[in-house]
Amino acid sequence: MLPWRATDGGRPDPYHVWLSEIMLQQTVVATVIPYFGRFIERYPTVADLAAAPDDDVLGLWAGLGYYARARNLIACARAVVAAGGFPATIDGLRALPGIGAYTAAAIGAIAFDLPVVPIDGNVERVAARIGAVTTALPAGKAEIARVAAWLGEHAAARAAPGDFAQALFDLGASLCAPRSPSCLVCPWRGDCAGHAAGIAATLPRKAARAPRPVRFGTVFLLRDADGAIGLRRRPPKGLLGGMMELPGTVWEAAMPDAPPPMRAAWRDAGVVVHVFTHFELRLRVMAAEVAALPEGLVAAAVDAPLPSLMRKAVSMGLGGLD
DNA sequence: AAACCGGGGCC
DNA sequence: GGCCCAGGTTT
């Protein structure tokens, strides 16, 4: 049972629903579960989260990715507390930071039983197959939305929109899987035009993606006499916004010049390869031990909260030092 | 409408 | 190596 779902008979906690939905944006359930548990443990209520220092929240989010979500999470928590609770309307939810059309519908249906069908990747796939929508995404979105709205007219959806939405998620995550759907045991098989046409497994169709460019850079891992490492903070917006990082070069299509931040016995610790949404990064890691960190760097523990890219770089830079 | 924004697991 | 994911914000 997913930890944010209501136990039998009870209504789900809107705070739990909201937090889980934000974490689940473009992130798979298995990845979210441990983060969700740590957040609920440290911030039992939305008021606890709203009162927390930004850095505590960013640190607890480190490794989950899409860090704008964490910044919006903080802003949203504070707005909700200021308003006295979560709004129970789609428009009210949609107006909050980090909540778009999908998330407003998901929270509305699951937490407040509003009669809407949230269209995520799972529901998009289920609807495209049931309606045999062959128009490729994103152009096919409107057609898929009409099929989803038709699903919402189903008696089960009218009776319990929240349960129906989660049942659609579960269907998309299990029987109606992306690659080899289990149509023969699907409860919707008789109503599925995609299955009838023999094209269910090929839906939804998607426009071809642009190739992912490669960028290169170098980072420098400095370890002082106390075993602390030198970090700096990234700009508040943009890629890995507001997170800590190892000092280094810009990331460019050709390897930039890489003057070290100080004189030291630098060694080449290897190359970290990390794939972002829109480019692949090959980051050379240079490492050295020094008596004291240079001006401009913050001393941090080797297990300080970091984005996964920087965690990999630190790990590579520390390798073989002991 | 298109670009930007992480990370991990699966085939 | 490509594809997928319980998308939102900015331009």
Legend entry - With A/Glu124, the salt bridge (charged side-chain N to carboxylate O under 4.0 Å, His left out) member among A/Lys206, A/Arg205, A/Lys141: A/Lys141
Inset, instruction - Start with the C-alpha gap between A/Leu58 and A/Met243, add the side-chain angles, then the distance that decides, and say whether side-chain contact (heavy atoms from CB on, under 4.5 Å) holds. - result: CA-CA 7 Å; A/Leu58 269 289; A/Met243 303 303 290; 3.3 Å; yes
Inset, instruction - For A/Ile119 and for A/Lys237, locate the closest nucleotide of DNA chain C by heavy-atom distance; then report the residue assigned to the nucleotide nearer the 5' terminus. - result: A/Ile119
Inset, instruction - Using the P atom on both, measure B/dG8 against C/dG8 and round to a whole Å. - result: 22 Å
Inset, instruction - Would you mind classifying the nucleic acid contact of A/Trp18 as base, sugar-phosphate or nothing, using non-hydrogen atoms under 4.0 angstrom? - result: nothing
Inset, instruction - Scan A/Ala30 against the nucleic acid and name what it touches under 4.0 Å (heavy atoms): base, sugar-phosphate only, or nothing. - result: nothing
Inset, instruction - Pick base, sugar-phosphate or nothing for A/Ile99, based on heavy-atom distances below 4.0 Å to the nucleic acid. - result: sugar-phosphate
Inset, instruction - Determine, for nucleotides 1-6 of chain B in 5'-to-3' order, which nucleotides have protein heavy atoms under 4.0 Å from the base (write B), from only the sugar-phosphate (write S), or from neither (write -). - result: ----BB
Inset, instruction - May I ask whether A/Trp18 and A/Tyr67 are part of the same hydrophobic cluster, defined by side-chain heavy atoms of I, L, V, M, F, W, Y residues being less than 4.5 angstrom apart, directly or through others? - result: yes
Inset, instruction - Return the set of residues passing side chain to side chain donor-acceptor pair (under 3.5 Å) with A/Arg11 (not counting sequence neighbours), or none when no residue passes. - result: A/Asp113
Inset, instruction - List for me each residue that meets side chain to side chain donor-acceptor pair (under 3.5 Å) alongside A/Thr135, sequence neighbours excluded, and say none if there are none. - result: A/Glu143
Legend entry - Aromatic A/Phe279 / basic A/Arg212 pairing, under 6.0 angstrom, 45° off normal: no
Inset, instruction - Report the hydrophobic cluster partners of A/Met262, with the cluster defined as I, L, V, M, F, W, Y residues connected by side-chain heavy atoms closer than 4.5 angstrom, directly or transitively. - result: A/Phe220, A/Leu222, A/Trp266, A/Met286, A/Val290, A/Leu293, A/Leu297
Inset, instruction - Name the first nucleotide and the last nucleotide along DNA chain C (5' to 3') that come under 4.0 Å of a heavy atom in chain A. - result: C/dG2 to C/dT9
Legend entry - With A/Tyr35 via side chain to side chain donor-acceptor pair (under 3.5 Å) - residues at least two apart: none
Inset, instruction - Name the nucleic acid region contacted by A/Ser20, choosing base, sugar-phosphate or nothing; use a 4.0 angstrom heavy-atom cut-off, strictly under. - result: nothing
Inset, instruction - Describe the nucleic acid contact of A/Pro118 in one word from base, sugar-phosphate, nothing, applying a heavy-atom distance below 4.0 Å. - result: nothing
Legend entry - Inter-nucleotide P distance (C/dA6, B/dC4), Å rounded: 25 Å
Inset, instruction - Assign A/Arg5 to base, sugar-phosphate, or nothing according to its heavy-atom contacts below 4.0 angstrom with the strands shown. - result: base
Inset, instruction - Mind checking the CG-CD spacing from A/Leu283 to A/Glu245? Nearest 0.5 Å is all I need. - result: 9.5 Å
Inset, instruction - Indicate, with a heavy-atom threshold strictly under 4.0 Å, whether A/Leu168 touches base, sugar-phosphate, or nothing. - result: nothing
